[in-house]
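Input: a single structure, listed below in structure tokens.
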There are 2 protein chains.
Amino acid sequence: MELNDRKIQILQAIIMNYLETAEPVGSRTISRRLPLGLSSATIRNEMSDLEEMGLIVQPHTSAGRIPSTKGYRLYVDHLMGLSGKPMERFDQLRGLLQNKYVQLDSLMKEMGDILAELTKYTAIVDMPQFRKTRIKRLQLVPLDQYSMILVVVTDGNIVRNNVIRTRHPLQVEDTYRMTDILNEHLAGRTFDAITPEEAAAMKREMQADSTMMEGVWDAISNMLRYADNIDVFTSGATNILNFPEFSDIARARALMEVFHEKDKMLSLVDYDLKEDESMKITIGSENTIEQLKDCSVVTATYKYGGQNIGSISVVGPMRMDYDRVIGTLDYLVKDFQNMFADNEEKEQKKPTE
Amino acid sequence: MELNDRKIQILQAIIMNYLETAEPVGSRTISRRLPLGLSSATIRNEMSDLEEMGLIVQPHTSAGRIPSTKGYRLYVDHLMGLSGKPMERFDQLRGLLQNKYVQLDSLMKEMGDILAELTKYTAIVDMPQFRKTRIKRLQLVPLDQYSMILVVVTDGNIVRNNVIRTRHPLQVEDTYRMTDILNEHLAGRTFDAITPEEAAAMKREMQADSTMMEGVWDAISNMLRYADNIDVFTSGATNILNFPEFSDIARARALMEVFHEKDKMLSLVDYDLKEDESMKITIGSENTIEQLKDCSVVTATYKYGGQNIGSISVVGPMRMDYDRVIGTLDYLVKDFQNMFADNEEKEQKKPTE
DNA sequence: TGTTAGCACTCGATGCGATAGAGTGCTAAC
DNA sequence: GTTAGCACTCTATCGCATCGAGTGCTAACA
């Protein structure tokens with residue numbers, strides 16, 4: 001059967017109506033709504049065809065139609081008018097991204113919160129892969145005789161820190177000297193770019209400089225290797241409670257639970273995308289996670305240095321306002337990427353050593 | 001009417017039964033359960049008295065009884081057997097508290113998560129008042145020509161950092177020198193202990209040392225004044241969905257919403273306690289927050305240097321397992337306080353300047 | 001050939017009455 | 001003081017009739 005223009009118009013009308021009301025759409029509604037001057041009977045015939053084509057389904061015999069996964073897919077891929085309207089309320093985020101506060105965890109959390117608030121859906125933020133960003137500066141901060149904190153600042157002024165313990169008593173001057181050596185070797189590079197041979201060489205060189213460096217390098221390389229917290233944040237999980245499709249408490253709970261299962265969320269936001277697409281939409285049964293079979297997920301990835309280093313997702317009901325979600329995500333990701341880019345520029349005027 | 005021993009036994013039986021089942025308790029149930037050899041009719045008489053005393057209520061005429069706020073209060077204050085049984089699963093937290101990872105936000109968040117998981121209720125963690133803890137060390141980390149990060153480590157190896165911008169171009173050596181000056185003046189003191197006069201004097205002294213210090217001191221004092229993030233974290237908010245009393249979606253949503261209103265949560269965990277009590281229990285209608293009228297809140301405060309600096313709370317249904325919650329909270333708070341105490345000891349062996 | 005009016009049919013939602021059952025309060029007997 | 005017995009109350013549940021939205025089909029129409 002051919003999907004002619006009229007069928008498309010009707011499908012679109014059904015979907016848009018359903019997006020608003022969350023109620024099955026009947027032929028009369030469409031007949032009145034569409035300015036085609038067609039009676040409900042004609043619409044019924046067309047709807048019957050659309051159902052046969054698998055684009056819409058009937059919850060039960062005497063109900064209206066709702067879009068199927070396939071129907072949404074068609075809508076998202078071809079029918080949806082991408083409104084590039086500028087988003088308000090982003091100023092708040094802008095402020096954050098302008099380096100005012102740069103604790104990675106807090107930043108990502110805040111991003112998720114804002115996204116959840118803007119979209120009214122649930123946001124899932126995947127931590128950027130620290131190891132793929134460039135080290136701007138390292139600094140050892142002495143704490144007491146046997147411990148210090150290693151502060152690492154990477155591009156985007158992302159700060160992370162770990163406690164390091166040593167076997168030999170520390171002097172404050174030692175930490176300064178070690179800091180200088182560390183920066184000399186590592187500043188301006190990404191963690192990933194450091195080969196094992198190089199690391200070994202660095203270690204030897206450092207130990208030659210001071211016996212005390214011994215434990216330090218191990219701790220550092222340890223941190224670099226393991227401390228890349230692959231992690232996800234979920235924000236606005238409870239937003240889904242506002243949608244009638246999840247007013248069943250059991251279903252709501254199942255969703256809540258899955259939102260807090262980190263491995264499932266990680267598999268969800270997996271940003272293993274083709275190079276050219278930066279936005280992935282998974283609709284209903286296309287989801288691999290059982291509990292999300294009635295949900296849609298829009299995932300946007302962000303890049304750094306040409307590589308995907310993380311992603312941001314929105315999870316909502318299948319009748320999600322795809323248009324707005326995509327617009328918001330797009331804006332958000334671009335801003336976030338700019339944060340890294342801006343700092344790369346500034347990098348030119350380094351503090352003079 | 002006198003609350004004799006038998007009445008107390010019956011009340012206790014009613015409460016304990018209701019804690020388990022969340023169903024109104026009938027006279028027959030008590031008659032069978034209590035080894036007093038009393039018939040249900042006798043129990044009914046006693047229950048009638050207990051109701052007259054306001055300790056139990058009937059949801060409707062032909063239903064069993066459930067404890068009233070007053071009844072729970074009596075139970076919590078006098079009847080409950082405080083089982084000091086040691087808690088398992090705390091090892092995880094122990095690890096965290098042993099300085100392995102010391103980002104304040106993450107630590108507090110993790111504490112909330114563990115508490116929520118252990119109790120199966122919702123945990124609310126109030127950030128410790130940074131300003132009342134003692135500064136162990138400050139460190140300026142240069143970023144680029146016009147910005148650097150001020151890292152502050154306080155007792156308990158709590159790390160916080162803020163970006164500082166300057167008008168004058170920076171040299172790396174400057175940041176080292178400034179760091180030394182900062183530590184000389186501020187290390188070992190609490191933010192609160194610094195008087196305005198003292199601060200002004202410090203500023204003058206610093207500016208004499210270097211013109212570049214100008215903007216720096218302002219930024220620092222700014223950070224100390226405003227950056228004490230009075231904040232709360234809510235963990236396991238969705239746990240309450242598991243309780244039948246909140247299976248009504250509207251009520252569940254109202255609760256969820258209130259959990260995310262930071263000011264309300266702050267008012268909730270207000271740790272304005274009498275000096276001698278470290279645990280406050282608010283039951284049902286005793287709550288000032290409307291949405292929590294059916295909930296109970298157990299709040300434990302933690303001290304540092306003799307002052308309350310924060311609190312940890314558990315929110316659950318009125319038929320909460322008070323006993324277990326109190327035990328868990330008590331354990332958690334003690335451990336957390338030890339973290340500060342331990343580090344105070346270590347403080348003796350400072351790194352040699 | 002496409003469109004439409006008309007109509008029988010389906011099925012969920014709603015409302016109502018009857019019923020069952022849990023639990024009470026009261027009374028009278030022990 | 002305790003208890004058996006009983007009438008009473010109230011909720012929860014089930015069946016049943018009804019309503020109405022919406023469909024599919026057929027026949028007539030342009």
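Scope of the values below: all heavy atoms of this structure, side chains included, with no hydrogens, waters or symmetry mates. The model shown is predicted, which means the values in this text are computed figures rather than measured ones. Every chain is numbered from 1, with letters handed out A, B, ... down the list of sequences.
- One N or O on the side chain of Arg324(A) and one on the backbone of Leu118(A) form a donor-acceptor pair closer than 3.5 Å.
- By the 30° and 60° cut-offs, the orientation of the rings of Tyr322(B) relative to Tyr72(B) is tilted.
- Between Asp321(B) and Lys120(B) there is no salt bridge, since no side-chain nitrogen of the basic residue lies less than 4.0 Å from a carboxylate oxygen of the acidic one.
- The stretch residues 2-17 of chain A has no heavy atom under 4.0 Å from DNA chain D, so no residue of it qualifies as close.
- In this structure, the side chain of Asn287(A) engages the main chain of Leu292(A) through a donor-acceptor pair within 3.5 Å.
- Atom CD in Glu23(A) sits about 13 Å away from atom P in dA21(D), given to the nearest Å.
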Show the numbers, then the answer: is there a side chain to side chain contact (heavy atoms under 4.5 Å, CB included) between Phe246(B) and Leu255(B)?
-> CA-CA 9 Å; Phe246(B) 302 108; Leu255(B) 260 186; 3.5 Å; yes
Pairs under 3.5 angstrom, nitrogen or oxygen only, protein versus nucleotides 14-17 of chain C, please.
none

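- Residues of residues 44-64 of chain B having a heavy atom closer than 4.0 Å to DNA chain C, listed by number: Arg44(B), Met47(B), Gln58(B), Thr61(B), Ser62(B), Ala63(B), Gly64(B).
- Classification of Glu257(A) and Arg251(A) as a salt-bridged pair fails, no side-chain N sitting under 4.0 Å from a carboxylate O.
- The pair Arg319(B)-Glu245(B) meets the salt-bridge criterion, with a side-chain N (NZ, NE, NH1 or NH2) lying under 4.0 Å from an Asp/Glu carboxylate O.
- Salt bridge annotation for Arg73(A)-Glu286(A): present, with a cationic side-chain nitrogen under 4.0 angstrom from a carboxylate oxygen.
- Using a distance-only test at 3.5 Å, with no hydrogens or angles considered, a donor-acceptor pair links the side chain of Lys70(A) to the main chain of Met53(A).
- Other residues, nucleotides and ligands contribute only 12 or fewer heavy atoms inside 6.0 Å of the CZ atom of Arg28(B).
- In a base pair of the Watson-Crick type (N1 to N3 plus N6-O4 or O6-N4) or a G-U wobble (N1-O2 and O6-N3), with each distance short of 3.5 Å, dA29(C) is matched with dT2(D).
- Using a cutoff of 4.0 Å between basic side-chain nitrogens and carboxylate oxygens, Arg33(A) and Glu20(A) are scored as salt-bridged.
- Distance CZ (Arg28(A)) to P (dG20(D)): 14 Å, rounded to an integer number of Å.
- Put simply, CD1 on Ile43(A) is 9 Å from P on dT4(C), counting in whole angstrom units.
- Within the 4.0 angstrom heavy-atom criterion, only backbone atoms of the sugar-phosphate kind lie near Ser27(B); the bases stay farther away.
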